[in-house]
Amino acid sequence: MNPIIQHRRIYLRPILTLTALFFCVADCFVNAEQLSDTDLKNLLARIRKNPVTRADFQEQRVIRLMKKPVVNSGRVWFQPPNKFRREVKGDSPSLTVSDGRQLWIYYPNFKSAERYSLGKRSPLDATIAAINSALNLENVESTFHIAATRVDRPQAGWELELTPRTPSMKRVFQKLAMRISDSLQAERTDMLQSNGDRIMTTYSNQTRAPVPSSTFEFTPPPGTDISTPLGQ
């Protein structure tokens, strides 16, 4: 079964995150300082001003019905506000590409691809919005309640906890915790899904260099079996 689109066809693959976008946040912080509304606004503005555009990731998905977590690794590219590319390595590789209008998921081992149209106010749009929020926090205040804390240990940075405002978002996940480094780069994300599953992602080798537009384009190779699970 597709690890991104399961029952009701909508679940994040151990990504977007992407993902991530995707932190393990303790209930109590040592030497923690709660950010005021003004400080939070300034922090978000600084992150958006110079967003990360590429990163390596390692993800662990804890599924309630499985004894062992599912672990993936790969690389993700992102261009604000809604374009991204995610390549998963290993024995079960996959490629997820979104140009902001449609989403492709390609499985090279099976020579199959799934295509999803975006912008139809479906649960998939809420999933993509969650991915984008984790990657660049664009317009995040309109869709999430945010609590932010300044921490000093083990390294200086910020802990953010995002809880969805809208019913469509709440159907996708319960909360998204994030760890932001002192250099304003996403280090870890921890998403608790509505069914109790968790997706935990760590990021490394982040860069802020421009990404070619062709990165977010996808053409299925000849002979690919193409399906549209949610219809046209």
Side-chain angles (χ1 to χ4, degrees), residues 10-12 15-53 55 57 59 62 76 78-84 98 100 121 123-203 206 208:
I10 309 298
Y11 280 97
L12 286 174
I15 218 148
L16 162 280
T17 132
L18 167 104
T19 298
L21 243 247
F22 330 126
F23 293 103
C24 303
V25 180
D27 291 334
C28 298
F29 300 126
V30 178
N31 296 331
E33 179 184 351
Q34 187 76 32
L35 267 64
S36 66
D37 290 343
T38 299
D39 288 340
L40 174 59
K41 183 178 179 179
N42 291 337
L43 173 63
L44 295 176
R46 291 170 60 197
I47 294 173
R48 292 166 184 157
K49 186 176 180 180
N50 198 12
V52 170
T53 57
F57 70 85
E59 264 182 1
V62 179
V76 61
F78 180 71
Q79 179 178 304
N82 55 11
K83 296 181 180 181
F84 69 90
S98 172
R121 297 184 179 180
L124 180 59
D125 291 309
T127 299
I128 300 304
I131 295 170
N132 292 342
S133 297
L135 291 172
N136 82 326
L137 298 174
E138 186 72 25
N139 197 32
V140 70
E141 301 94 328
S142 65
T143 50
F144 298 97
H145 298 285
I146 310 171
T149 307
R150 176 69 176 176
V151 294
D152 297 323
R153 297 181 183 179
Q155 293 180 332
W158 293 268
E159 303 279 4
L160 275 63
E161 183 171 290
L162 284 64
T163 53
R165 292 178 181 270
T166 65
S168 59
M169 284 287 190
K170 292 178 181 179
R171 287 194 290 269
V172 177
F173 66 95
Q174 296 182 39
K175 66 179 179 179
L176 173 66
M178 307 180 64
R179 166 79 183 194
I180 305 296
S181 71
D182 209 36
S183 58
L184 304 178
Q185 293 181 336
E187 293 181 335
R188 298 191 305 274
T189 60
D190 183 356
M191 177 180 287
L192 177 61
Q193 296 184 315
S194 298
N195 64 352
D197 294 351
R198 293 177 66 187
I199 300 174
M200 295 164 283
T201 308
T202 59
Y203 296 97
Q206 298 98 325
R208 292 185 166 103

message: Pair Leu160, Leu137 - check side-chain contact (heavy atoms from CB on, under 4.5 Å), show working.
response: CA-CA 11 Å; Leu160 275 63; Leu137 298 174; 4.2 Å; yes

query: Is there a side-chain contact between Thr143 and Met169 (heavy atoms, below 4.5 Å)?
result: yes

- prompt: How many angstroms lie between CZ in Phe144 and CG in Leu162, if you round to the nearest 0.5 Å?
  reply: 5.5 Å

field: Exercise: identify the closest heavy-atom pair between Arg150 and Ala156
entry: NH2-CB, 3.9 Å

- request: Indicate yes or no: at least one non-hydrogen side-chain atom of Leu184 is less than 4.5 angstrom from one of Trp158.
  value: yes

- line: To the nearest 0.5 Å, atom CD of Glu187 lies from atom CD of Glu159 at 9.0 Å

message: Distance check, rounded to the nearest 0.5 Å: Arg165 atom CZ versus Lys170 atom NZ?
response: 10.0 Å

message: With rounding to the nearest 0.5 angstrom, report the CG to CD distance, Leu40 to Gln34.
response: 9.0 Å

task: Look only at the side chain of Arg48 and the backbone of Leu43, and say whether a donor-acceptor pair between them is shorter than 3.5 Å.
output: no

message: Between Gln174 and Gln193 (side chain of the first, backbone of the second, donor and acceptor by atom type, cut-off under 3.5 Å), is there such a pair?
response: yes

Backbone N/O of Asn50 and side chain of Arg208: donor-acceptor pair under 3.5 Å: yes

query: Hey, does the side chain of Ser194 reach the backbone of Arg171 with a donor-acceptor pair shorter than 3.5 angstrom?
result: yes

message: Quick check: closest heavy atoms across Ala55 and Val52, and the distance to 0.1 Å?
response: CB-CG1, 4.5 Å

task: State which residues pass side-chain hydrogen bond (donor to acceptor under 3.5 Å, both in side chains) with Ser183; sequence neighbours excluded, sorted by chain then number.
output: Ser181

message: Would you say that Gln185 contacts Ile180 through its side chain, given a criterion of any heavy-atom pair below 4.5 Å between the two side chains?
response: no

query: Looking at residues at least two apart in the chain, or sitting in another chain, which of them share a side-chain hydrogen bond (donor to acceptor under 3.5 Å, both in side chains) with Thr163?
result: none

message: With heavy-atom distances below 4.5 Å as the criterion, would you say the side chains of Phe173 and Pro164 are in contact?
response: yes

message: Does any part of the side chain of Val140, heavy atoms only, come nearer than 4.5 Å to the side chain of Ile146, both counted from C-beta?
response: yes

message: When you compare the side chain of Val76 with that of Phe57, does any pair of heavy atoms fall below 4.5 Å?
response: yes

- request: Decide yes or no on side-chain contact (heavy atoms from CB on, under 4.5 Å) for Glu141 and Leu44, but give the supporting numbers first.
  value: CA-CA 9 Å; Glu141 301 94 328; Leu44 295 176; 3.3 Å; yes

